[in-house]
There are 2 protein chains.
Amino acid sequence: MRELGIGDLARKVKLRPSALRYYESLGLLPTARRVTGRRVYPASTLRRVALIKMAQRAGFTLAEIRQLLDTDADRGATKQWRTLAERKIPELDQFIQETQALRNAVADCLACGCMNFDSCQLLSYGTPEDDA
Amino acid sequence: MRELGIGDLARKVKLRPSALRYYESLGLLPTARRVTGRRVYPASTLRRVALIKMAQRAGFTLAEIRQLLDTDADRGATKQWRTLAERKIPELDQFIQETQALRNAVADCLACGCMNFDSCQLLSYGTPEDDA
DNA sequence: CTTGTGGTTCAAGCGCGCTTGAAGTCAAGG
DNA sequence: CCTTGACTTCAAGCGCGCTTGAACCACAAG
């Protein structure tokens, strides 16, 4: 199976066809080949949608993802992508750290037997004593 | 400074006063004490807002965070919070893994000198060969 | 007293990421 | 032939997380 209809693709990537059309309209997916008016996708689209979903989970907006994926492959795009990527890596790092902290906090808090997250004695990070 | 007005609090936590009022309206923050009609917050609110923001970044909805923080501290709430927390920990773990993967992918891709994320030779993960 | 600053409530609006509805096209099956 | 069902386009709608605007209130400085 080297090609997919929009329904098949949607089922595989667990999105609705409408979402895929929406992505196309935003330039997140290249304009699909049409066969008697219907979209037909190459199998490689699976990978692309997987990337989109992953980036999305990591907090990129669809507009940013569009830049990352560089659908139109225009001349300056490579540099654009590099700039965005360089900007995003430290953001991702910080994000990962924070999420780790939250995960551990939740786990510790469960272990300590406290009533709820807010009242847990173990938690102290993240309280801004600092700035004005 | 043990108590804060809404403007002070907003400045410290880097949110707008409107967001704090909104949180209160959702039950995310306890109904603030009023002094001649105006909200006055104890310093502990800083910590609470920090928790809210952290949980939010980790992909919890405000409704879920409300449950985690258990504002109303009702009888069954402790169990509710534990259930939610237990459900969320593996989600957070998976999320962290995925974000790590993305971070590394972006970094590798930058290093490999490819044109863009989609065309990078190094990337192969995340392609669903599996299910129907 | 007046003006300014920063609060209050409430309802409406906005941006994002889709979804839904209306109206139409096409291909296969009974 | 006629239905069924999956698709098409386009515009409008929705839920979330706030923001904004209108109308009002309270205290402080000039």
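Labels below follow one simple rule: chain letters A, B, ... track the order of the sequence lines, proteins then strands, and each chain is numbered from 1. Quick caveat: nothing in here was measured; it's all calculated off a predicted structure.
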- nucleotides 3-8 of chain D: protein proximity per nucleotide (B base, S sugar-phosphate only, - neither; heavy atom, under 4.0 Å): --BBSB
Who pairs with [X] by side chain to side chain donor-acceptor pair (under 3.5 Å), at least two apart in sequence or on another chain?
X        : answer
B/Arg39  : B/Glu24
B/Asp93  : A/Arg103
A/Gln100 : none
B/Gln94  : B/Glu98

- Query: Touch check for B/Thr36, heavy atoms < 4.0 angstrom, all strands: base, sugar-phosphate only, or nothing?
  - Reply: sugar-phosphate
- Interface limits on DNA chain C, where chain A has a heavy atom under 4.0 Å of a nucleotide atom: C/dG17 to C/dA27
- Item | For B/Tyr23, all residues meeting ring pair (Phe, Tyr, Trp, His ring centres under 6.0 Å), sequence neighbours excluded | none
- Message: So, using ring pair (Phe, Tyr, Trp, His ring centres under 6.0 Å) as the criterion, who are the partners of B/Phe95 when residues are at least two apart?
- Response: A/Phe95
- Query: How would you list, by chain and number, every residue that makes a salt bridge (charged side-chain N to carboxylate O under 4.0 Å, His left out) with A/Glu86, sequence neighbours excluded?
  - Reply: none
- Whether over 12 other heavy atoms sit under 6.0 Å from B/Glu91 CD: yes
- Message: Can you work out whether B/Arg16 or B/Tyr22 has the more 5'-proximal nearest nucleotide on DNA chain D?
- Response: B/Tyr22
